[in-house]
Each structure stands twice: as C-alpha cells, then as structure tokens.
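Structure first, commentary second.
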Amino acid sequence: MAGGGVDGDGMEMVRNRKVVLRRYVTAGYPTVDDMEVVSSTMMPRVPLGMMAPAVMVKNIYLSCDPWMRGRMTKHDDATAEIAEDFVLGEAMVNFGVSKVIDSTHPVFAAGDLVWGLCGWEEYSLITQPETLHKINHPDLPLSYYTGVLGVTGLTAYAAFFEVSKPKKGETVFVSAASGAVGQIVGQLAKIAGCYVVGSAGSDEKVTLLKTKFGFHDAFNYKKEGNDLTGALRQCFPDGIDIYFDNVGGATLDAALFNMRRGGRVVVCGMISQYNLQEPEGVHNVIHILSKTIRVEGFAVFNHFGLYPRFEDEMVRYLKEGKVTVLEDVVKGIEKASEALIGMFSGRNVGKLLVAVGDE
C-alpha cells in the first residue's frame with residue numbers, strides 16, 4: 001500500500017504494520033493489551049550507505065511458537081535464556097517465510113523466497129542475513145517452511161533422532177502431540193518402527209492423532225484428572241523407552257515414573273510452566289537414578305547444521321505421504337496477538353501461523 005511519498009528514484013513508500021510488545025509480562029498468560037499493532041511508513045529497500053550486507057523482505061507467513069512467551073518477560077539473568085528478551089516498542093521477532101525485495105548480500109537477490117528470523121511485521125530489514133535460508137522446494141506450500149520444513153520440523157527431527165536415538169520396536173510417548181512439533185515427532189517415530197502414544201487436551205485432538213497422524217494410541221490428559229501415572233501405565237504396561245516432553249510439570253512427573261530402565265527423556269518444551277508464577281515441582285526424579293534414565297534439554301539452534309539432511313528426508317516423506325501436515329492459519333497481522341495468546345490455552349489445532357502477505 002502506498003504511503004504517500006516517493007524517494008529520489010521514484011520508489012513509493014509503503015505502510016508497515018508491526019506487532020510490538022507494550023510491556024513485559026511478569027506472570028500468568030499474556031493479554032492482547034500487552035501487545036499492539038503500530039503502523040509507520042518506510043522505503044522498501046536496504047538503506048543506502050549501510051556498511052554490512054543486508055536484505056529487505058516482504059513477509060508472507062509468520063510463525064507462532066511457545067518459545068516466544070519467554071521473550072515477553074524481562075530477565076535479569078539473560079545467560080539463562082535461549083534468546084534475548086523482546087525490546088519494548090520494537091517488532092517482536094520469530095521465524096517466518098518472506099520474499100526478498102532488495103538485497104546487498106551476494107547470496108540473496110530480489111525475488112528469492114526465504115525463511116528465517118524476521119520481525120512480526122509486513123516488511124523486515126534483515127541485518128543478519130546468515131539467519132535466512134533459501135526455499136528449495138517452492139512446489140510445496142510455502143507455509144510448510146514455518147512448520148514441517150522449517151525450524152519446527154528441524155526441532156522434531158533433530159531432537160528425536162539425534163538426542164533420543166530411537167531403536168526399532170521401542171515405545172515412545174509424546175506430550176502435546178497434536179501441536180506443531182508433537183505431530184511430526186509421532187510420525188517420525190512410526191517411520192522409525194516405534195510404538196507411539198500421544199497425549200492432547202481434547203477428544204477432537206485425540207481423534208486426529210489416531211486417524212490423521214497414525215499414532216498407535218492417544219488419550220485426553222484433561223480427562224485423567226490427577227492420575228496421569230495410571231493413564232500412562234495403561235498405555236505402556238511394559239514402560240516407556242522414549243518420552244518426548246513438550247509440556248513439563250505433572251506429565252513429566254508421570255512419565256518419569258513409567259520409564260523403562262535406560263530410557264531417554266528429551267525435554268523440548270514446557271508449555272505448562274511458561275505462564276505460572278511459581279513453577280511446579282517434579283517429584284519422581286529418583287527414577288532417573290534407579291532406572292538410569294538420560295534426561296536432556298534440547299535447543300534447535302545447536303542443530304542447524306543438520307538442516308540440509310533433514311530437508312531432503314522430510315521432503316521425501318511429504319511426497320511419499322509418510323508425513324501429514326495440519327496447519328492452523330490465521331489471516332491478518334492484526335490477529336497475530338490473539339492467535340499467540342490462544343496457543344497457550346490450546347486453542348490451535350496443528351501448526352499455528354499468521355498469513356500477512358500474498359505468495
């Protein structure tokens with residue numbers, strides 16, 4: 001949209017709407033009032049005179065991910081966090097799919113389709129182009145690069161294969177299994193020849209796990225009350241070899257009780273804890289010792305070197321129909337804040353993303 005001005009080369013200015021953090025969230029769920037959409041005008045090109053190479057992109061899809069919640073709180077000890085806190089008044093940052101409209105970087109040219117870190121806005125100036133990746137399979141839906149072919153898919157692939165190191169015939173439990181990462185992990189577990197069970201927060205999601213994603217079994221954890229331990233014992237009478245943890249808290253506690261000797265727990269997320277003022281304790285830690293369980297935290301940023309191998313494998317699985325994708329697409333940047341908040345209460349089904357521009 002024209003903003004009413006032109007530069008010396010006749011280029012029109014454009015409106016750029018962005019989602020910014022108004023105030024830091026101290027405890028509990030973030031609210032719509034913690035964020036706002038602000039609008040400004042800008043020239044859609046790399047500013048003249050920039051010393052370092054940069055890329056100007058028009059964003060098409062923005063990803064909603066649980067890790068954004070941690071960046072909405074002010075931390076005194078920044079070294080304890082995966083990424084830096086968001087800056088008040090500036091566009092929030094996450095992964096997205098974009099089209100290059102101007103570049104001073106030798107790897108990228110106008111017209112290239114890319115995915116990587118960008119602002120939660122319509123146009124972004126990328127001053128660290130090394131965070132961008134060219135999209136190699138534009139024949140597949142571009143939205144997949146916010147999910148199954150982007151950092152979400154890489155998270156599932158690297159955490160499952162590189163950390164848990166599954167063996168054929170092992171038992172796998174995935175929490176938040178209908179979420180963006182969980183749905184992929186479960187399907188990868190089946191490809192690896194494992195027996196896989198998932199938990200989710202509604203009967204609708206449980207049905208999806210068993211019918212669309214092919215989990216061997218699944219259960220609604222909200223119906224189990226305080227007996228998650230018993231629910232897992234029913235699903236895994238001989239114990240769990242691999243627990244892929246996306247939620248932490250009571251589910252992690254119950255899983256530890258039901259682990260087999262030599263089991264592995266991959267801690268990929270703790271969405272049940274992100275909005276608590278005081279984190280819940282885990283009581284069954286003695287099983288880590290008595291059953292020689294390996295528990296390992298996972299950060300995808302340590303595994304980007306695997307991306308070429310991962311992309312080749314995942315594209316093959318998608319084209320062969322071995323991996324199915326479910327997306328929850330919200331249209332319009334003005335709805336991004338509401339979508340992000342809804343994710344923390346489980347409103348989304350599948351990979352949540354915001355469509356902000358045309359493909």
Side-chain angles (χ1 to χ4, degrees), residues 1-22 35-65 68 71-72 78 83-138 142-143 145-146 149-151 301 304-305 307-308 331-337 340 353-359:
M1 175 182 290
V6 296
D7 70 355
D9 297 327
M11 179 179 287
E12 287 192 358
M13 298 190 65
V14 297
R15 179 184 67 178
N16 188 30
R17 292 179 298 170
K18 61 183 70 178
V19 181
V20 305
L21 191 66
R22 295 179 60 214
M35 295 167 273
E36 66 177 331
V37 178
V38 299
S39 182
S40 62
T41 57
M42 60 174 290
M43 200 62 63
R45 70 176 183 187
V46 176
L48 299 175
M50 284 194 68
M51 298 299 293
V55 178
M56 177 68 71
V57 299
K58 186 178 189 298
N59 296 318
I60 302 171
Y61 295 106
L62 301 175
S63 179
C64 291
D65 296 294
M68 297 176 72
R71 304 185 69 186
M72 298 173 76
E84 295 179 354
D85 304 333
F86 289 135
V87 177
L88 296 183
E90 294 186 8
M92 295 163 61
V93 176
N94 198 22
F95 292 92
V97 171
S98 315
K99 185 174 184 178
V100 176
I101 55 177
D102 189 33
S103 174
T104 58
H105 193 282
V107 173
F108 302 102
D112 285 346
L113 293 168
V114 296
W115 74 270
L117 286 171
C118 64
W120 258 33
E121 56 192 347
E122 293 174 297
Y123 294 86
S124 291
L125 177 65
I126 311 298
T127 57
Q128 295 179 302
E130 63 273 12
T131 64
L132 295 179
H133 307 261
K134 283 190 178 181
I135 288 178
N136 297 315
H137 297 274
L142 293 182
S143 57
Y145 282 88
T146 66
L149 290 176
V151 72
F301 301 102
F304 270 92
Y307 186 78
K331 294 186 178 180
I333 196 167
E334 67 279 359
K335 296 181 179 178
S337 301
L340 180 63
L353 60 142
V354 181
V356 296
D358 298 327
E359 293 192 15

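The residues of the chain are indexed from 1 along the displayed sequence. Values below: all heavy atoms of this structure, side chains included; hydrogens, waters and symmetry mates excluded.
Under the 4.5 Å side-chain criterion, counting only non-hydrogen atoms from C-beta, Ser143 is in contact with Leu353. The closest side-chain heavy-atom distance from Trp120 to Asn94 is below 4.5 Å. Residues Leu149 and Trp115 fail the side-chain proximity criterion, which asks for heavy atoms closer than 4.5 Å. Inter-residue side-chain proximity for Arg45 and Leu48 is flagged as met; some heavy-atom pair is nearer than 4.5 Å.
Note that CE of Met92 and CE of Met68 are 4.0 Å apart. Values are rounded to the nearest 0.5 Å. Atom OG in Ser124 sits 10.0 Å away from atom CG in Leu117 (nearest 0.5 Å). Here CD of Glu121 is found 12.0 Å from CZ of Arg17. Values are rounded to the nearest 0.5 Å. One distance of note links SG of Cys118 with CG of Leu125; it measures 12.0 Å at 0.5 Å rounding. The distance from the CD atom of Glu334 to the CD atom of Glu36 is 14.5 Å, given to the nearest 0.5 Å. Here Met43 contributes atom CE and Glu12 contributes atom CD; the two are 9.5 Å apart, rounded to the nearest 0.5 Å.
When all heavy atoms of Ala91 and Val20 are compared, the closest pair comes out as N-CG1, 3.8 Å. What you find for Arg15 and Tyr123 is that their closest heavy atoms are O-CE1, 3.7 Å. Heavy-atom minimum distance, Lys58 versus Ile101: CB-CG2, 4.2 Å. Scanning all heavy atoms of the two residues, the minimum distance from Asp65 to Leu340 falls at O-CD1, 4.1 Å. The two residues Val114 and Ile135 make their nearest non-hydrogen contact at O-CD1, 3.7 Å.
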Stepwise, does the side chain to side chain contact (heavy atoms under 4.5 Å, CB included) test hold for Arg71 with Val93?
CA-CA 9 Å; Arg71 304 185 69 186; Val93 176; 4.1 Å; yes
Apply side chain to side chain contact (heavy atoms under 4.5 Å, CB included) to Ile60 and Leu113, showing your working.
CA-CA 10 Å; Ile60 302 171; Leu113 293 168; 4.2 Å; yes
Stepwise side chain to side chain contact (heavy atoms under 4.5 Å, CB included) check, Cys64 with Val354
CA-CA 7 Å; Cys64 291; Val354 181; 3.9 Å; yes
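No donor-acceptor distance shorter than 3.5 angstrom exists from the side chain of Asn59 to the backbone of Ser98, with no hydrogens or angles considered. Within the 3.5 Å criterion, the main-chain N or O of Ala110 finds no donor-acceptor partner in the side chain of Ser103.
Among Phe108, Tyr145, Phe95, Phe304, the single residue meeting the ring-ring contact (aromatic ring centres under 6.0 Å, His included) criterion with His133 is Phe304.
Sorted by first and then second residue, the pairs that involve residues 90-112 and meet salt bridge (charged side-chain N to carboxylate O under 4.0 Å, His left out), not counting sequence neighbours, are Asp112-Lys134.
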